[in-house]
2 protein chains.
Amino acid sequence: MSLTSPMRDERTLVLQLRDAIISYIGEQELKPGDRLPTEAEFTQMFNISRPALREALKLLEQDGSIYVIHGKGRFVSAMATLAVERPITCFESVTDMVRRYGYKPTNKVLSISEETAAGQVQEALRLNADTRVIRLERLRMQGEEVLVYCLDFVPRSLIPDRLYDVDWGGSLFDVLESYGHRPVMSTATAASVMLPTDVSERNDLEDFGPAFLITETAYTQDGAPVVFAKDYHRGSSFTFSFVRK
Amino acid sequence: MSLTSPMRDERTLVLQLRDAIISYIGEQELKPGDRLPTEAEFTQMFNISRPALREALKLLEQDGSIYVIHGKGRFVSAMATLAVERPITCFESVTDMVRRYGYKPTNKVLSISEETAAGQVQEALRLNADTRVIRLERLRMQGEEVLVYCLDFVPRSLIPDRLYDVDWGGSLFDVLESYGHRPVMSTATAASVMLPTDVSERNDLEDFGPAFLITETAYTQDGAPVVFAKDYHRGSSFTFSFVRK
DNA sequence: TAAGGTCAGTTGTCAGACGACTGGTGTGCC
DNA sequence: GGCACACCAGTCGTCTGACAACTGACCTTA
């Protein structure tokens, strides 16, 4: 059993190993509680050194796929069989998320404006009291049906162009990336709420029903907050999955 | 800088190291993008070997707290500063979760019965068509207010006692643990819904409002599903946090 | 001046060794 | 015969030392 197809160098050996072990568990149809090959067997199988193998195994231990008993061996854990395709903990844009549900959404910009950061927005984006932010209000539609009502805030300084020169109809993350502020992760909270009455009245959304609200602050790789968002997902159209451990 | 207070052996060295590095980042007030000490420096600092250190660093890489550039060094990532206290991805009983929100909940058993598994329940618990399950319906109350409406299903075979000999007023997980079926993880989905009308009518919950529904299948360490649950959390009382990356 | 080579610093990988823990086996004592 | 204990093989935990590969800066040279 070799690791990479000849020409593929790709990533670091340890990550390849980790995936190879996952594949091995799948191919051998190992069930939770089953014993894994020993370190010695794995190193021979993949023809790699023990430290490299151990780093890969440690990764699997950390995410709970396997567990180890000193002096006995390593064993498949329940987690290994509980792969959720695309959990809520995966960072992605609303646009991509909606598409994944099989929708072909169109975006409708309700309003784009500039204002002074305050309260929740100011705090999340770590701004001074008098800092300007862009306020973007959009609807994600599937045909005539509103799927998500999105309210985004971005520090004005990140986008030095005129507001009307920017295409707000696509993914906000793409816009930010084009200005060198690509968000890569976020902290978020989820709650179940009704749409704010002013929003539902203005947009004829009285029948929107219970909304799945994700309040999210997105950060760049170097830790700078670049977006504060409140996304109201139509409850009857979205279900979010995840693993708890 | 030593690792453990003298008498503390506790866990494996690598895990101690991981936490020590996290502490180091905190103490030195390293910000995202800052460079970490080299492997050589760390091994001297903690007086441990390089393989052990590398395993610890790999763990931090995996969860995104740090990133590495071959030939340059390791750097603090944004994730390191985004610690969420108790994310939704942490497996815990509804009882514990509610307590964490500062409530002192009382449990009210609405009904306990036995029925034949079917549909969603049968599928989640991987049961045959004619298998018996326990159906447990409860309310978590704070004073007179209902916080959560819980509907649980457990394979009958896991609890060989008479239903009325069991105390269902506490954590269901505790009951299962006492029979040797402690759940340790789960797969779950979250959605925003209204309470089923029969539930709200029977329990006088017409004003419950939008509910945060967590549909969860819990598993033991060896991968056996032991609980299928639908927990309707009062939307105005609960917010769930998590990190996306 | 610009292109290229060289070198120190850092991470990636390898090899071999010994310590620590687990479970089973066998022995000796009662 | 039964029980307690010592021993031993198997496995994971940790250490030491070494070399390869990559990065960036410096130096040399055309």
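What you see below is based on every heavy atom in this structure, not just the backbone, and it leaves out hydrogens, waters and symmetry mates. Just so it is clear: chains get the letters A, B, ... in the order the sequence lines come, proteins before strands, and each one is counted from 1.
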Asks: Quick one: CG on B/Leu15 to CG on B/Leu59, what's the gap to the nearest 0.5 Å?
Replies: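 Output value for this atom pair is 7.0 Å.
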Asks: What is the distance from CD1 of A/Ile69 to C1' of D/dG13, rounded to the nearest Å?
Replies: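 Result: 15 Å.
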Asks: Quickly work out the A/Ile66 CD1 to D/dT11 P distance and round it to whole Å.
Replies: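 Taking CD1 of A/Ile66 and P of D/dT11, I get 15 Å after rounding.
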Asks: Should the ring pair B/Phe173 and B/Phe91 be called parallel, tilted or perpendicular, given that the plane angle runs from 0 to 90° and is split at 30 and 60?
Replies: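 Parallel, since the angle between the ring planes stays under 30°.
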Asks: Mind calculating the distance between CZ (A/Arg54) and P (D/dC12) to the nearest angstrom?
Replies: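 Taking atom P of D/dC12 as the reference, CZ of A/Arg54 is at 9 Å.
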Asks: Supply the atom-to-atom distance A/Leu163 CG to A/Ile112 CD1, rounded to the nearest 0.5 angstrom.
Replies: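 That separation rounds to 5.0 Å.
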Asks: Is the distance from OP1 or OP2 of D/dT14 to the nearest side-chain N or O of B/Thr12 less than 4.0 Å?
Replies: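 For B/Thr12, the contact criterion (side-chain N or O under 4.0 Å from OP1 or OP2 of D/dT14) is met.
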Asks: What is the distance, to the nearest angstrom, from the CZ atom on B/Phe42 to the C1' atom on C/dG12?
Replies: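 After rounding, the gap between these two atoms is 18 Å.
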Asks: Find which nucleotide of DNA chain C each of A/Ala52 and B/Ala40 is nearest to by heavy atoms, and output the residue with the more 5' nucleotide.
Replies: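 Nearest-nucleotide comparison on DNA chain C picks B/Ala40.
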Asks: I want to verify a distance call: between D/dC15, C/dT11, D/dG24, whose nearest atom is closest to the B/Lys72 side chain?
Replies: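 Of all the options, the side chain of B/Lys72 is nearest to D/dG24.
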Asks: Kindly compute the distance separating CG (A/Asp63) from CE (A/Met79), expressed to the nearest 0.5 Å.
Replies: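 One gets 7.0 Å once the value is rounded to the nearest 0.5 Å.
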Asks: Send over the distance from B/Leu53 CG to D/dC15 P, rounded to a whole Å.
Replies: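 Whole-Å distance recorded here is 10 Å.
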Asks: For A/Leu13 and C/dC14, what is the distance between atoms CG and C1' respectively, to the nearest whole Å?
Replies: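 Roughly 10 Å, once rounded to whole Å.
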Asks: So which nucleotide from D/dG13, C/dT13, C/dT10 ends up closest to the side chain of B/Thr38?
Replies: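 So the side chain of B/Thr38 is nearest to C/dT10.
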Asks: For B/Glu55 and D/dC12, what is the distance between atoms CD and P respectively, to the nearest whole Å?
Replies: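 Atom-to-atom, B/Glu55 to D/dC12, this comes out as 13 Å.
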Asks: Counting side-chain heavy atoms from CB outward, which of D/dT16, D/dC12, C/dT10 is closest to B/Pro51?
Replies: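 Looking only at side-chain atoms, B/Pro51 lies closest to D/dT16.
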Asks: Can you measure from CZ (A/Phe153) to CG (A/Leu136) and round to the nearest 0.5 angstrom?
Replies: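 It comes to 9.5 Å.
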Asks: Which whole-number value in Å describes the distance from A/Leu60 CG to D/dC12 C1'?
Replies: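 Spelled out: CG on A/Leu60 to C1' on D/dC12 is 16 Å.
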Asks: To the side chain of A/His70, which of C/dC21, D/dG24, C/dT10 is closest?
Replies: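 Within the option list, the nearest is C/dC21.
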Asks: What contact category does A/Arg74 fall into here, base, sugar-phosphate, or nothing, at under 4.0 angstrom with non-hydrogen atoms?
Replies: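 Here A/Arg74 touches the backbone only, sparing every base.
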Asks: Per the atom types in the model, does the base of D/dT14 pair as donor or acceptor with the side chain of A/Arg50 at under 3.5 Å?
Replies: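 Indeed there is one.
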